[in-house]
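Whatever order the structure lists them in is the order used to number ligands and atoms, beginning at 1.
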Amino acid sequence: MEISVHLLDASKKHAKPSDEKNLVFGRVFTDHMFLVDFKGQNGWQDARIVPYGPLELDPAAMVLHYGQGIFEGLKAYRRANGEIWLFRPRQNCERLNRSAKRMCMPEIDVSLQLRAIEKLIAIDKDWVPHSLGSSLYIRPTMIATEPHIGVRPSAEYMYYVITGPVAAYYAEGFNPVKIYVDEQYVRTVRGGPGDAKTMANYASSLFAAELAKEKGYTQVLWLDGVERRYVDEVGTSNIFFRIGDELVTPPLQGSILPGITRDSVIQLARHRGIKVSERRITIEEVIEKAGSGELKEMFASGTAAVISPVGEICYRDKISRIGDGGVGEWALKLYDEILGIQYGEREDIFGWTRRLDV
Ligand SMILES: *Cc1c(COP(=O)(O)O)cnc(C)c1O
């Protein structure tokens with residue numbers, strides 16, 4: 001499929017943020033976006049890059065009523081030599097298709113998704129920030145657009161990609177987060193759409209997240225929806241525990257989003273000779289081992305922050321410190337290693353990075 005390009009008038013181009021360090025995540029977008037429409041039997045058509053701007057959507061568009069919508073999140077990194085690279089982008093495109101399948105939405109060729117992302121970034125390449133740690137955040141999205149009231153899968157969809165520059169996550173150094181273990185609300189249940197990056201999962205997580213914030217916590221630790229004992233995830237990130245000299249993370253059993261950073265952490269740790277167990281872990285075990293000192297580190301993983309160390313957790317009104325409450329050795333090592341691969345400062349032994357032809 002050809003991607004047509006309609007550029008923004010040079011006179012209308014937006015000023016790029018002058019201060020890369022103070023970019024607020026998710027607020028600034030580049031001059032262009034990619035769109036492609038799905039029309040029933042005719043499939044995907046009219047792939048185009050156009051000036052960034054509001055979408056025209058019928059008020060009866062099914063995404064607005066029944067939430068048939070999915071998204072992805074990845075980044076483009078500018079290296080010291082000026083080149084722009086992506087990190088495991090094919091994984092995001094394949095995951096989008098798995099999410100699509102789960103939500104009864106049409107899949108979209110991985111090669112078209114990749115071309116869309118790469119062509120869009122090539123056009124807006126000047127928006128990719130320069131300072132180490134900063135990046136261009138990429139948000140592929142698919143929504144149900146058919147105007148129809150009545151619950152069934154939509155016959156029409158739109159896939160689009162928007163991008164925006166984001167600051168280094170840890171501009172002021174690694175900051176361990178405080179997390180709140182919620183026993184009342186769950187993110188999803190096994191059998192639910194927890195392993196799909198679908199909009200509904202985030203809408204339903206807001207209430208508990210706000211309660212945790214009111215109590216002074218940054219994130220919610222989600223327990224499994226059936227027994228409310230087993231740890232699933234933290235906020236919108238996957239979770240790792242260093243118990244003794246073993247790395248433990250909950251297995252992908254349907255209620256956990258299969259993070260690409262999670263997979264990268266597992267592969268890198270194993271490559272370094274660390275024993276990694278994907279096994280279920282109860283909150284009681286976490287609290288007990290935090291108390292005994294066996295739980296040396298706890299950290300979350302995700303594209304936005306890469307690694308987010310957890311300094312303390314609150315469970316049933318009791319606060320447990322993790323390790324010394326600071327940044328653990330393994331968290332720091334894995335963070336440095338992944339960031340190093342993304343910015344080309346470390347050897348990419350797994351072939352994870354992909355250079356943009358711009
Ligand atoms: C996106 C996401 C993650 C992290 O996935 P990455 O591919 O590592 O960015 C983890 N959990 C949830 C719920 C997510 O939405």
Arg187 near ligand 1 by a heavy-atom separation under 4.0 Å: yes
Examine Lys178 relative to Tyr217 and say whether NZ or CZ is less than 6.0 Å from the centre of the six-membered ring and inside a 45° cone about the ring axis. yes
As an exercise, state the distance from OH of Tyr159 to CZ of Phe38, rounded to the nearest 0.5 Å. 15.0 Å
Does the residue Glu72 have a heavy-atom contact with ligand 1, meaning some pair of atoms that are separated by less than 4.0 Å? no
Under 3.5 Å between some N or O of ligand 1 and some N or O of Gly302? no
In terms of residue, atom name and distance, what is the protein heavy atom nearest to atom 8 (O) of ligand 1? Thr261 OG1, 2.6 Å
Aromatic contact, Trp352 with Phe87 (centres under 6.0 Å): yes
Sub-4.0 Å heavy-atom contact, Ser237 with ligand 1: yes
What protein heavy atom sits nearest atom 3 (C) of ligand 1, and how far away is it? Thr236 O, 3.3 Å
Considering only the protein, which heavy-atom contact is closest to atom 9 (O) of ligand 1, and what is its distance? Thr303 OG1, 2.6 Å
Of all protein heavy atoms, the one nearest atom 11 (N) of ligand 1 is Glu233 OE1, 2.5 Å
Under a 4.0 Å threshold between the charged nitrogen and the carboxylate oxygen, would Glu285 count as salt-bridged to Lys289? yes
Under a 4.0 Å threshold between the charged nitrogen and the carboxylate oxygen, would Arg152 count as salt-bridged to Glu146? yes
Write out the residue and atom name of the closest protein heavy atom to atom 14 (C) of ligand 1, then the distance separating them to 0.1 Å. Lys197 NZ, 3.0 Å
If you compare all heavy atoms of Pro165 against all heavy atoms of Leu136, which two are closest, and at what distance to 0.1 Å? N-CD1, 3.6 Å
Subset of ligand 1 atoms that lie under 4.0 Å from at least one heavy atom of Arg95: 5 (O), 6 (P), 7 (O)
Please list, in number order, the atoms of ligand 1 under 4.0 Å from a heavy atom of Tyr202. 13 (C), 14 (C), 15 (O)
On the ring face of Tyr343, is Arg79 found with NZ or CZ under 6.0 Å from the centre and within 45° of the axis? no
among protein heavy atoms, the one nearest atom 5 (O) of ligand 1 is Gly259 CA, 3.3 Å
Under a 4.0 Å threshold between the charged nitrogen and the carboxylate oxygen, would Asp182 count as salt-bridged to Lys215? no
